[in-house]
Amino acid sequence: MSLLLHYMWKQLLYYVILSTLIFLLHDIYDIVYFAIPSYTIAALGTALAIFLGFKNTHAYERWWEARKIWGLMVNYSRAWTRQVTTMIIPPDGENPGEVEKLQEAMVYRHLAFVNSLRVFLRRKLAYNETAVTELYEDENTYKDTKSFLSIEEYQEMVIKDNPPNYLLQKQGEDLKMAFQKGWLSDYRFVKMEETLVDFNDIQGMSERIKNTPLPRQYTYLSRVFVLIHCTLLPMVFISDLGWKTIPVSLVVSFVFSALDLIGERTEDPFENRLEDTPMTSLSLTIETNLREQLKETKRNFPAKYKVEDGIVF
């Protein structure tokens with residue numbers, strides 16, 4: 001409730017002041033007489049409920065698609081590490097140390113890819129900027145990738161226009177090198193390249209959601225319709241309810257305003273807000289799984305994600 005009030009207090013204050021003013025004008029000072037038929041607000045409320053339901057359904061579909069995409073990220077990350085550690089094999093008699101070094105570098109670079117994609121998706125775009133101060137935000141910098149890359153590779157990555165894509169390109173170059181050295185057969189090279197393409201697809205699907213919001217008219221018009229409906233409410237209720245118009249109008253206005261707010265904030269799942277797809281938590285899960293596949297000791301595993309006030313980023 002406190003979260004909703006943080007984002008809605010201005011609207012609710014407007015409805016309280018409006019209802020109080022109508023009560024004073026109608027009942028106390030008898031200056032204005034409001035006699036709007038109840039069926040008008042009922043018809044408008046029905047249409048608005050259908051519109052908000054349609055909007056919220058599509059907003060949730062976008063959020064759920066984003067969660068499924070990052071579920072694929074977890075699955076393919078495990079598959080990629082298994083391929084790196086079992087398919088890249090030195091020929092008989094060759095020192096395996098160089099191969100093991102490459103395997104570790106490619107797995108660590110993938111961890112950098114996962115974290116860089118999270119940061120890349122959560123960057124703020126102009127069309128989604130608001131004047132609202134967020135109560136909860138996750139730190140969103142590329143420094144989380146620093147421990148997984150060489151200094152040179154990190155410095156080159158952060159200046160790229162698309163850092164995650166740069167890291168996938170580097171993975172492809174290492175695959176090519178392993179193939180040329182005879183550490184990969186033709187078939188294994190193709191299969192691992194297909195996994196890199198899967199990561200390209202994951203990034204592309206995420207970018208599609210990030211860069212293609214719901215049409216702006218859904219957000220704008222729903223806000224206008226809620227304002228009109230909730231403004232008319234006390235004018236309809238005042239003849240029958242008297243002073244009770246104030247709390248009743250406030251409750252009904254709260255319900256419609258909350259529904260509108262939920263849809264508006266759910267439709268963009270990569271905005272570094274409390275409604276986000278939990279990419280930080282999933283990144284830590286991926287890191288733990290991949291380090292385990294590398295047979296690292298548990299002391300090298302990342303700390304478990306700490307949930308704050310029931311919110312998972």
Side-chain angles (χ1 to χ4, degrees), residues 66 68-91 94-123 142-211 270 279 282-283 285-287 289-296:
K68 289 192 293 184
I69 290 169
W70 271 76
L72 289 176
M73 175 71 87
V74 176
N75 296 344
Y76 288 143
S77 295
R78 295 165 180 162
W80 170 254
T81 303
R82 185 174 66 251
Q83 290 174 339
V84 168
T85 55
T86 61
M87 290 186 174
I88 302 178
I89 304 172
E94 188 169 328
N95 184 359
E98 190 176 356
V99 173
E100 292 173 357
K101 184 178 179 181
L102 174 66
Q103 291 172 340
E104 182 179 273
M106 294 183 74
V107 173
Y108 278 15
R109 187 184 293 119
H110 178 70
L111 291 174
F113 164 75
V114 172
N115 284 278
S116 67
L117 181 58
R118 166 176 55 83
V119 174
F120 186 67
L121 291 173
R122 282 181 172 166
R123 72 200 190 282
Y142 286 113
K143 73 177 185 179
D144 288 343
T145 67
K146 201 168 187 178
S147 61
F148 303 122
L149 301 170
S150 66
I151 295 176
E152 296 78 12
E153 202 163 274
Y154 173 78
Q155 290 175 341
E156 189 171 358
M157 181 204 73
V158 294
I159 63 174
K160 296 296 183 181
D161 183 64
N162 193 320
N165 190 57
Y166 162 77
L167 294 176
L168 288 180
Q169 178 69 24
K170 296 293 290 185
Q171 296 283 56
E173 292 171 1
D174 274 359
L175 273 186
K176 178 182 177 182
M177 179 196 69
F179 174 70
Q180 291 173 338
K181 288 189 174 184
W183 298 347
L184 272 175
S185 66
D186 293 2
Y187 176 76
R188 291 176 178 177
F189 175 79
V190 171
K191 293 302 291 183
M192 294 187 71
E193 174 60 28
E194 287 176 354
T195 305
L196 287 182
V197 173
D198 289 333
F199 290 131
N200 270 128
D201 290 341
I202 287 174
Q203 180 176 350
M205 289 186 290
S206 298
E207 289 175 336
R208 170 172 51 81
I209 295 174
K210 173 72 176 184
N211 299 327
F270 299 131
M279 293 186 290
L282 292 171
S283 297
T285 297
I286 291 171
E287 182 179 349
N289 293 166
L290 270 54
R291 286 184 180 276
E292 189 171 51
Q293 287 178 269
L294 286 175
K295 296 182 173 59
E296 296 186 6

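- Tyr154 contributes atom OH, which lies 12.0 Å from atom CZ of Phe148 (distance to the nearest 0.5 angstrom).
- Applying the side chain to side chain contact (heavy atoms under 4.5 Å, CB included) rule to Glu193 yields the partners Leu175, Leu196, Val197; only residues at least two apart in sequence or on another chain are considered.
- Partners of Val114 under the side chain to side chain contact (heavy atoms under 4.5 Å, CB included) rule, at least two apart in sequence or in another chain, are Trp70, Met73, Ser77, His110, Ser283, Ile286.
- Closest of all the heavy-atom pairs between Thr85 and Thr81 is OG1-O, 2.8 Å.
- Proximity of Val99 to Ile89: side-chain heavy atoms (C-beta onward) are nowhere separated by under 4.5 Å.
- Although no hydrogens or angles enter the test, the distance criterion places no donor-acceptor pair under 3.5 Å between the side chain of Arg122 and the main chain of Val119.
- With values rounded to the nearest 0.5 angstrom, Asn289 atom CG is found 10.0 Å from Asn75 atom CG.
- At least one test fails for Arg78 against the ring of Tyr76: distance under 6.0 Å to the centre or angle within 45° of the axis.
- When side chains are defined from C-beta on, Arg291 counts as touching Tyr108, because their heavy atoms get closer than 4.5 Å.
- Between the side chain of Gln103 and the main chain of Val84, a donor-acceptor pair closer than 3.5 Å is present.
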Contacts table for residues 162-171: side-chain donor-acceptor under 3.5 angstrom, sequence neighbours left out:
{"residue": "Asn162", "atom": "OD1", "partner": "Asn165", "partner atom": "N", "Å": "3.2"}
{"residue": "Asn162", "atom": "OD1", "partner": "Gln203", "partner atom": "NE2", "Å": "2.8"}
{"residue": "Asn162", "atom": "ND2", "partner": "Glu207", "partner atom": "OE2", "Å": "3.3"}
{"residue": "Tyr166", "atom": "OH", "partner": "Glu156", "partner atom": "OE1", "Å": "3.1"}
{"residue": "Gln171", "atom": "OE1", "partner": "Arg109", "partner atom": "NH1", "Å": "2.7"}
{"residue": "Gln171", "atom": "NE2", "partner": "Met106", "partner atom": "O", "Å": "2.9"}

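- Taking CG of Leu117 as the start and OG1 of Thr145 as the end, the distance is 12.0 Å to the nearest 0.5 Å.
- Crowding of Ile151 atom CD1: a count of heavy atoms from other residues, nucleotides or ligands under 6.0 Å not exceeding 12.
- Atom OG of Ser147 sits about 6.5 Å away from atom CD of Glu287, to the nearest 0.5 Å.
- Lys191 pairs by the side-chain hydrogen bond (donor to acceptor under 3.5 Å, both in side chains) definition with Glu194, not counting sequence neighbours.
- A donor-acceptor contact closer than 3.5 angstrom links the side chains of Thr195 and Gln83.
- Taking CE of Met157 as the reference point, atom CD of Gln155 lies at 10.5 Å (rounded to 0.5 Å).
- Atoms CD1 and CG, on Ile69 and Leu282 in that order, are 12.5 Å from each other to the nearest 0.5 Å.
- Partners of Ala66 by side chain to side chain contact (heavy atoms under 4.5 Å, CB included), not counting sequence neighbours, listed by chain and number: Ile209, Pro269, Phe270, Thr277.
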Would you tabulate the side-chain donor-acceptor contacts of residues 178-187 under 3.5 Å, counting partners in other chains and residues two or more places apart, or write 'none'?
{"residue": "Lys181", "atom": "NZ", "partner": "Glu98", "partner atom": "OE2", "Å": "2.8"}
{"residue": "Trp183", "atom": "NE1", "partner": "Glu94", "partner atom": "OE2", "Å": "2.9"}
{"residue": "Ser185", "atom": "OG", "partner": "Arg188", "partner atom": "N", "Å": "3.3"}

